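What follows is a single structure, written as structure tokens, with notes after it.
Positions are given from 1, in the same order as the sequence printed here. Atom set for the values below is all heavy atoms of this structure, side chains included, hydrogens, waters and symmetry mates excluded. What you see is a predicted model; the values in this text were computed from it and never measured.
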Amino acid sequence: MVQVYTSKHSYPHPLPAVTLAYFLRYPNPYSLHVTSTDTISRRFDPTTQRLFTTRLHVKKSRLPSAVVRLLGKGAVGAADDGSTQSFVLETTCVDVREGWMEAESRNLDWRGVLSVVERGRYERPASTVAGASAEEAASLAAKDEKTMVSVSVTLKSHIGEQLRKRRARWGEQASEMVGAVSGSGSSGDDEAAPRKGWFTAWSSGAVRAAVERISLQRTERSQPKAQQGMMVVLERLRKGGLVGVLEGMRLDREVQPI
């Protein structure tokens, strides 16, 4: 079963400021786990007046202890202390003329365990866009002090697929072993049947549901923090401009994540 988190909120800042803050949001006091951000590509379409950007974020965090216990450190690439490093691909499209930005982020690793896709849409209130020319839209964007945001996070575990593949291989190996024993003339009555491990005794659906449920709970806790982080960057931008944001970034980098 796929788990989906959705939320809607607004920032008391115009869309140009919000889009700029989005690109400058790492690091901030609520995202010290993001260790680096690199821009892979950026292009501007003069026909549609849209800006397309692709970036790669590297994050270090601790997986929920329940997930580590459930799957094991080796399966999720966790260190002895439970910490992991993950890579997140982010794509964005900004249309200032129409007054919106769309963003999508997805994890590049652990996809065999869990696929996480976050989508967000940032836009000016509809009343400020309808019937406006490009110049008028830009003027309205500067004056309008509100940006509407809708976010969805889709969580889907693929661990059942891995279990089915493993069980198929185990079945083939078992068949080969039975065939070998039968060919040798051994009845195998003296051999004790192999015991099932607690993990293999779980159904793939139960494991998948547990991983998705735990991840959804973590998403519900992290999304409000992401909004708070954006507000910090927006306030820095409002009070000190780009210099204020960059100074805040410098101070945040000096703080070691807990």
Inter-residue atom distance F52.CZ - F44.CZ, 0.5 Å rounding: 10.0 Å
Could you tell me whether the side chain of T147 and the main chain of E123 form a donor-acceptor pair under 3.5 Å? no
Going by chain and number, the hydrophobic cluster around L56 (ILVMFWY, side chain to side chain under 4.5 Å) further includes I40, V58, F87, L89, L108
Between N107 and L114, is there a donor-acceptor pair closer than 3.5 Å when you use the side chain of the first and the backbone of the second? yes
Contacts of S105 that satisfy side chain to side chain donor-acceptor pair (under 3.5 Å) - sequence neighbours left out: none
Please list all pairs meeting salt bridge (charged side-chain N to carboxylate O under 4.0 Å, His left out) that have one or both residues in residues 225-245, counting only residues at least two apart or in different chains. E235-R238, R236-D252
State which residues pass side chain to side chain donor-acceptor pair (under 3.5 Å) with T92; sequence neighbours excluded, sorted by chain then number. none
Contacts of R42 meeting salt bridge (charged side-chain N to carboxylate O under 4.0 Å, His left out) (sequence neighbours excluded), chain-then-number -> none
Applying side-chain contact (heavy atoms from CB on, under 4.5 Å), name anything that partners L20, two or more places apart in sequence or on another chain. L24, L237
Would you mind listing every salt bridge (charged side-chain N to carboxylate O under 4.0 Å, His left out) that reaches into residues 23-36, with sequence neighbours excluded? R25-E90
Test of understanding: with side-chain contact (heavy atoms from CB on, under 4.5 Å), list the residues that count as partners of R119, not counting sequence neighbours. E104, R106, V117, S152, T154
E102: which residues meet the side-chain contact (heavy atoms from CB on, under 4.5 Å) condition with it, sequence neighbours left out? W100, R121
Expected output: side-chain S31 to main-chain P27 donor-acceptor under 3.5 Å: no
Between side-chain atoms of residues 240-248 and protein atoms elsewhere (two or more places apart, or another chain), which donor-acceptor pairs fall under 3.5 Å?
from	atom 1	to	atom 2	distance (Å)
E247	OE1	R250	NE	3.2
E247	OE2	R250	NE	3.4
E247	OE2	R250	NH2	2.5

Taking the inter-plane angle between the rings of H57 and Y26 on a 0 to 90° scale, is it parallel (under 30°), tilted (30 to 60°) or perpendicular (over 60°)? perpendicular
Restricting to pairs with a member in residues 3-16, which pass salt bridge (charged side-chain N to carboxylate O under 4.0 Å, His left out), not counting sequence neighbours? none
Co-members of V232 in a cluster of I, L, V, M, F, W and Y side chains, linked at under 4.5 Å: Y30
